[in-house]
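Single-structure report; data block below.
Keep in mind that this is a model prediction, so the values were computed, not measured. Residue numbers start at 1 and run along the sequence shown. Order of listing sets the numbers, starting from 1, for every ligand and every atom in it.
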Amino acid sequence: MARPGHTAWLLLAATTALLLASGVTAQDCANATFPAGRSSERCNTLPVLGASLHWTYHAANGTVELAFRATSGSGGWVGWGINAASVGMPGSSVFVASQDPRGAVSVLTTVLESTSPSLTNGTLEFDVPVPPTAEYAGGAYTIYTTVALPGNYTQQNTVWQAGPAIGGSISPHPTSGPNWLSVKRQDFLSG
Ligand SMILES: *[C@@H]1O[C@H](CO)[C@@H](O)[C@H](O)[C@H]1NC(C)=O
Ligand SMILES: *[C@@H]1O[C@H](CO)[C@@H](O)[C@H](O)[C@H]1NC(C)=O
Ligand SMILES: *[C@@H]1O[C@H](CO)[C@@H](O)[C@H](O)[C@H]1NC(C)=O
Ligand SMILES: *[C@@H]1O[C@H](CO)[C@@H](O)[C@H](O)[C@H]1NC(C)=O
């Protein structure tokens, strides 16, 4: 009986298409709004964690002004970074935004030594010519920063994450599902 199976596949395909269409609309990075003076030339909706990357690339000095936004509860943290040597978490230079119980948002910059990093606030493996800042609004953090692209390459291996914090202290993120899929070869020239 080929027909019932065929119909089931068509239904599945139609449902998947609908879900994909609604997902893309709901998370279209081009719709994101920013405070005055924070506009970007390009953006990408990232595939997981309700995240998007917004940036302006300056070829003359090899820097990217960027905003990373990801959804989170007020008691959570989000992070974004570049891994200049490898793919994935260990070795990545990352920006992590979180807030203390009073709602003061701060940004930590750290090189992740392993999958159990020390999260020591320090310098990254590339220049950060403008100190990062972050805000929490509308159920999402936004990290603003400027980075000198490692090696002046316009394609970089990037990572991002979101996880819980307890009393403002960053706790490990889940290691399955969407949190396992948050890596991307990011093209800062074309998006
Ligand atoms: C995003 O913008 C498009 C067109 O500008 C609009 O059709 C769509 O409804 C918007 N999506 C959201 C979630 O606001
Ligand atoms: C980076 O590359 C661009 C384009 O290839 C070049 O014009 C620029 O001088 C380079 N910048 C640095 C800092 O090396
Ligand atoms: C890089 O060049 C852009 C465009 O000319 C400029 O706005 C920006 O301030 C420069 N960044 C640094 C860190 O020099
Ligand atoms: C990390 O250090 C910078 C520079 O000293 C500081 O502005 C920032 O608040 C620190 N981040 C955290 C989470 O303590």
Test item: side-chain donor near acceptor, T56 and E65, under 3.5 Å: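 Short answer, no.
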E113 and S118 side chains, donor-acceptor separation under 3.5 Å: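 Their side chains do contain a donor-acceptor pair, which is all the 3.5 Å distance test asks for.
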Given V87, N157, T158, the one that forms side chain to side chain contact (heavy atoms under 4.5 Å, CB included) with R185: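 Checked V87, N157, T158 against R185; only one passes side chain to side chain contact (heavy atoms under 4.5 Å, CB included): N157.
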Subset of ligand 4 atoms that lie under 4.0 Å from at least one heavy atom of N121: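 With N121 as reference, the close atoms of ligand 4 come out as 1 (C), 2 (O), 3 (C), 8 (C), 10 (C), 11 (N), 12 (C), 14 (O).
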Heteroatom proximity flag, L108 to ligand 4, N/O under 3.5 Å: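 Min N/O separation from ligand 4 is not below 3.5 Å for L108.
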Every residue of the protein that comes under 4.0 Å of ligand 3, judged on heavy atoms: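 For ligand 3, the contacting residues are H58, N61, T63, P129.
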Counterpart residues, ring pair (Phe, Tyr, Trp, His ring centres under 6.0 Å), relative to H173 (two or more places apart):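 H173 satisfies ring pair (Phe, Tyr, Trp, His ring centres under 6.0 Å) with no residue once adjacent residues are dropped.
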Residue pair T109 / V128, side-chain heavy-atom distance below 4.5 Å: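 A side-chain contact under 4.5 Å is absent here.
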Mutual orientation of the aromatic rings belonging to Y144 and F34 [parallel < 30°, tilted 30-60°, perpendicular > 60°]: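 Perpendicular.
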T109 and ligand 4 - part of the residue with a heavy-atom distance under 4.0 Å: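 No part of T109 comes within reach of ligand 4.
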Donor-acceptor under 3.5 Å (N83 side chain, P90 main chain):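 At least one qualifying donor-acceptor pair exists.
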